[in-house]
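We count ligands from 1, going down the list as the structure has it; atoms in each ligand are counted the same way.
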Amino acid sequence: MSSSDQPPRTSGSIEHYDAVIIGAGVSGMYALHHLREMGLSVRVYDAAKDVGGTWWYNRYPGARVDGPGSPFYCYTFSDELMNEWDWAETQSEQSAVLAYLEHVADRFDLRRDIQFETWVQSARYDEAAQRWMVETSTGVRASAQFLICAVGALSTANMPDIPGIHDFAGECYHTGRWPHEPVSFAGKRVAVIGTGSSGIQAIPEIAREAAHVTVLQRTPQFAFPAGNRPVTPEEMAEARANWDLVRATMLANPGGFPWKTHTRSALDATPEEREALYEKLWQRGSFRFFGDSYNDIAISEEANRTMADFVRGKIRKIVKDPKIAEKLMPDHFVMTKRPILDNGYFETFNRDNVTLVDLREDPIERFTPESVVTRTGEHPIDMLVLATGFDAISGSMLRLNPTGRGGVSLKERWRDRFHNYLGLTIGGFPNLFMVHGPGSPGVFYNMPLGAERQMNWIGSCMRRLREKGLCAIEPTADSEETWASEVSGIANATLFPRTDSWWTGANIPGKPRYFSAYLGGSLYYHRISEVAAKDYEGFVFEPARRAEDAEAS
Ligand SMILES: Cc1cc2nc3c(=O)[nH]c(=O)nc-3n(C[C@H](O)[C@H](O)[C@H](O)COP(=O)(O)OP(=O)(O)OC[C@H]3O[C@@H](n4cnc5c(N)ncnc54)[C@H](O)[C@@H]3O)c2cc1C
């Protein structure tokens, strides 16, 4: 293996690496560190100007970590890192997470192997060379034995296609592409489309400053108090002192959170007991509302109703105008859309400068240069905020659209569903590895920890391949089928697939609509370890075709 301290091998204008990583967010940064530690030559490309991915792009007001909360939304691979970084708040704001990631980049000298402001335009598997050929927007071309796609499960912004939207002449911002310069709402009439996590975080902040906010709501949501508060020095000290135990708890928890799992059914508690517990958890806030309540909320309709009714009751109490409260009333199973933590979202509708438009009964017809027109009237606006989320989980892979064996593109391969094995690999795309891809726990897990665990598996797989003197690995069609059945079998035992959400692809027209994430929690990591222990059961290997490639290994 060549070392990344050496300049890349080049032939003509092509740079040669052991591995190319696409993306310098939480996942790509760890991937770089890990593969460099293994002694591989690695190059990372990212379209952004610096590290951070999600946290570099999502600078909208109110953008914060929610689950599991600080100091546990962090890397776990370095005790020194844990010891030297202090978190100020339990729900760290975007700038704090970005500062942490910048610190990680400095500390592990990551930037020297990252090329920023570089869009990977194409990635093609050259079957003869058994290497990935990558072309970028800057003209740099690279080849690599391994292609790591750390392209982000929430990184491809979903831009709504509404008649006249491009004619709107005022300021227009997508929350996931927020400007780096300060945005002033003062004195402005602002419309916000979207009431998912980003919209619900941003709306209270915008309403505090703007002259008027029109919230254009398609789906009423369940939102829970964030319970944000300072992380005390004692808490930081305790997390550090018990770090081994905390980490072990995170590894065992289904979501990668530092809490013990519990086995209480909501249906075993009396209504009074449930109400008391929900109230206690509501007052405390945070994702622990789910972690510390009951284990059948996402499985049993009856159990689900107990929590949903509790939150609906809270909305009725908080929102003073009963007609507005009814418009805010969610009617899906609680937790079956991405749970949202808020900082005064429902209270915002008690303000005089906020109007709620229920798009189910009053849909948007069009935009004009200075307004949004709904069925019942025109709303003059100066600014439009698109909190319309992402083409999630599979969107960034499809946007990259790598080409595998036989010139088959990923868009062709994934036309009907997101074929994969272990959420890490795709048949016909040898040596391509995804982090947080479809078929993995991805967004259902504490994502920095998930990235580390997936990347450790990928690194071991690469090492094994090279130890065996082999060149390429890819899954069989049968193993992809078996994995798809396992993933959908687990999902179908829950209420999740029964709700339209970005988890099911329902927010993107034309996208295959099904639940593609692995919901078995930490079981996933047992499964992928088991496959590795059985010498990568379900995969086929390919020896090196050419002597020079074997040598390069
Ligand atoms: C507002 C917000 C709050 C969140 N809060 C939490 C939380 O509390 N807990 C949690 O676990 N997760 C949270 N997430 C999810 C978050 O996305 C992950 O935690 C994590 O940051 C993902 O890191 P990543 O490296 O996998 O992807 P990303 O951070 O999305 O990075 C992907 C990178 O790939 C680059 N890229 C993609 N395609 C290309 C290409 N073709 N060429 C070049 N570059 C490319 C992008 O520019 C981007 O920088 C949140 C997400 C958002 C948006």
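The closest approach between a heavy atom of Ala451 and any atom of ligand 1 is not below 4.0 Å. The shortest separation from a heavy atom of Val435 to ligand 1 is not under 4.0 Å, leaving the residue out of contact.
At distances below 3.5 Å, not a single donor-acceptor pair connects side-chain atoms of Gln145 with backbone N or O atoms of Asp18.
A salt bridge links Asp66 with Arg338: at least one charged nitrogen is closer than 4.0 Å to a carboxylate oxygen. Looking at Asp244 and Arg247, no side-chain N of the basic residue comes within less than 4.0 Å of a carboxylate O on the acidic one, giving no salt bridge. With respect to the salt-bridge test (charged N to carboxylate O, under 4.0 angstrom), the residues Glu235 and Arg229 qualify. Using a cut-off of 4.0 Å between Lys/Arg side-chain N and Asp/Glu carboxylate O, Glu80 and Arg107 are scored as not salt-bridged. At a threshold of 4.0 Å, the pair Glu135-Arg124 does not count as salt-bridged, since none of the basic side-chain nitrogens sits closer than that to a carboxylate oxygen. Between Asp292 and Arg284 there is a salt bridge, since at least one side-chain N of the basic residue sits less than 4.0 Å from a carboxylate O of the acidic one.
Looking at Ala47, Gly23, Gly25, it is Gly23 that brings a heavy atom closest to atom 34 (O) of ligand 1. The option with the heavy atom closest to atom 2 (C) of ligand 1, from among Trp119, Trp56, Trp55, is Trp55. Of the candidates Val134, Thr54, Leu154, the one placing a heavy atom closest to atom 29 (O) of ligand 1 is Thr54. Evaluated by nearest non-hydrogen atom to atom 10 (C) of ligand 1, the leading choice among Tyr445, Tyr73, Phe444 is Tyr73.
Taking every non-hydrogen atom of Val65 and a distance limit under 4.0 Å, the qualifying atoms of ligand 1 come out as 8 (O). Applying the 4.0 Å criterion to heavy atoms of Asp66 picks out, from ligand 1, the atoms 5 (N), 6 (C), 7 (C), 8 (O). Distances below 4.0 Å separate heavy atoms of Ala150 from the following atoms of ligand 1: 32 (C), 33 (C), 34 (O). The Ser155 neighbourhood of ligand 1 comprises atoms 30 (O), with distances under 4.0 Å to a heavy atom of that residue. Listed by atom number, the atoms of ligand 1 under 4.0 Å from Arg64 heavy atoms are 3 (C). Short contacts between ligand 1 and His436, defined as distances under 4.0 Å to a heavy atom of the residue, involve ligand atoms 26 (O). Near Gly152, meaning under 4.0 Å from one of its heavy atoms, ligand 1 places the atoms 27 (O), 28 (P), 30 (O), 32 (C). Per-residue contacts place Asn58 under 4.0 angstrom from the following atoms of ligand 1 (heavy atoms of the residue considered): 53 (C).
Between Val20 and Ile148, every side-chain heavy-atom pair lies at or beyond the 4.5 Å cut-off. Within the 4.5 Å cutoff, no side-chain heavy atoms of Phe72 are placed close to those of Trp259.
Among all protein heavy atoms, the one lying closest to atom 49 (O) of ligand 1 is Asp46 OD2, 2.7 Å.
Checking Thr138 against Gln115 by side-chain atom types alone, a donor-acceptor pair falls below 3.5 Å.
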